[in-house]
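Just so it is clear, the structure is predicted and the values come from calculations on it, not from any experiment.
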Amino acid sequence: MAESRVAIVTGAARGIGAATAKRLAEDGFAVGVIDLDEKQCAETVSAIEAGGGKALAVGANVADAEQVQAAVDRIASELGAPTVLVNNAGVLRDNMLFKMSEDDWDTVMSVHLRGSFLMARAVQKHMVEAKWGRIVNLSSTSALGNRGQANYSTAKAGLQGLTKTLAIELGKFGITANAIAPGFIATDMTKATAERVGMSFEDFTTAAISQIPVGRAGAPEDIANTVSFFADERSGFVSGQVIYVAGGPKA
């Protein structure tokens, strides 16, 4: 595999992103921890360093091409050439179609789709030079359709198309691209969804678990474990795939 063991995780200040950054550090990667506010990344970086790993906090808006390039350049300079990219940064602007504003739509598309495109475009150069790379995009079970999430569902479905195309284009360079579609994961984002629908998080979680065959809510570490599988050098024949990590069959 590539000599450079450097990974980038976006939206890594909390939740799934933080758990993924920590797991990749455990797997031996130095991790570029990207989030909108660099200060918010401190906790993730501290946890990695406390475990003997190496990490760098970088503030960047993934929807801004110049900020993305600057972030990737800084990580390459300070940690080494990145060969693993996890596109996890995301936002919610939930609303029913008749109440959804253009800004609600554009913001979600911008972060999820444009952000993942810009990050992949900036990092692929390092992967191609190394003749090895792993791209993991975070989709969602919402890609199958979800009430009040026309924007989010569209973006998460779009990421599956991006993933498959990257797999086709970059495969000859030893680069795989895969997607993970989480089901119900207990995070700040799902707490925000509970608030939107006017439920306590406890009731919201209980309702969700009643529909999950394995009978529990997902944890960020469940997703991090799947990222770890995709990032492994032994997973080189797995590409263009979407794994639904949802406690049961989804698609």
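We find the CD-CG distance between Gln149 and Asp94 to be 4.0 Å, quoted to the nearest 0.5 Å. For the atom pair CH2 of Trp105 and OH of Tyr152, the computed distance is 14.0 Å after rounding to the nearest 0.5 Å.
Looking at Ser140, its side chain never comes within 3.5 Å of a backbone N or O of Ala143 through a donor-acceptor pair. Side-chain atoms of Asp35 never come within 3.5 Å of backbone atoms of Cys41 as a donor-acceptor pair (strictly under, hydrogens ignored). With Gln124 contributing its side chain and Arg121 its backbone, the two residues share a donor-acceptor pair below 3.5 Å. The backbone N or O of Thr10 sits less than 3.5 Å from a side-chain atom of Asn88, completing a donor-acceptor pair. In terms of modelled atom types and a separation under 3.5 Å, the side chain of Ser153 and the main chain of Ser142 share a donor-acceptor contact.
In this structure, Arg5 and Val84 have side chains that are not in contact, with every pair of non-hydrogen atoms separated by 4.5 Å or more. Contact annotation: the side chain of Asn178 never approaches that of Ile243 to less than 4.5 Å [non-hydrogen atoms, C-beta and beyond]. Here the side chains of Thr107 and Val91 are in contact, with some heavy-atom distance below 4.5 Å. Inter-residue side-chain proximity for Val6 and Thr83 is flagged as unmet; no heavy-atom pair is nearer than 4.5 Å.
Nearest heavy atom pair, residue Phe204 against residue Thr190, reads CE2-O, 3.7 Å.
Side-chain N/O atoms of Ser228 and Asn225 include no donor and acceptor closer than 3.5 Å. A donor atom on one side chain and an acceptor atom on the other are not found under 3.5 Å apart for Asp104 and Asn151. Side chains of Asn137 and Ser116: a donor-acceptor N/O pair is absent below 3.5 angstrom, by distance only.
Annotation for Arg196: atom CZ counts as buried by contact number, over 12 foreign heavy atoms lying within 6.0 Å. The 12-atom threshold is not exceeded at CD of Glu43, counting heavy atoms of other residues, nucleotides or ligands nearer than 6.0 Å.
A salt bridge (Lys or Arg N to Asp or Glu O under 4.0 Å) check over residues 211-227, counting only residues at least two apart or in different chains, returns the pairs Arg216-Asp222.
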Exercise. For Met119 and Ile34, what are the C-alpha separation, side-chain angles and deciding distance, and is it a side chain to side chain contact (heavy atoms under 4.5 Å, CB included)?
Worked result: CA-CA 11 Å; Met119 287 299 306; Ile34 294 182; 4.0 Å; yes
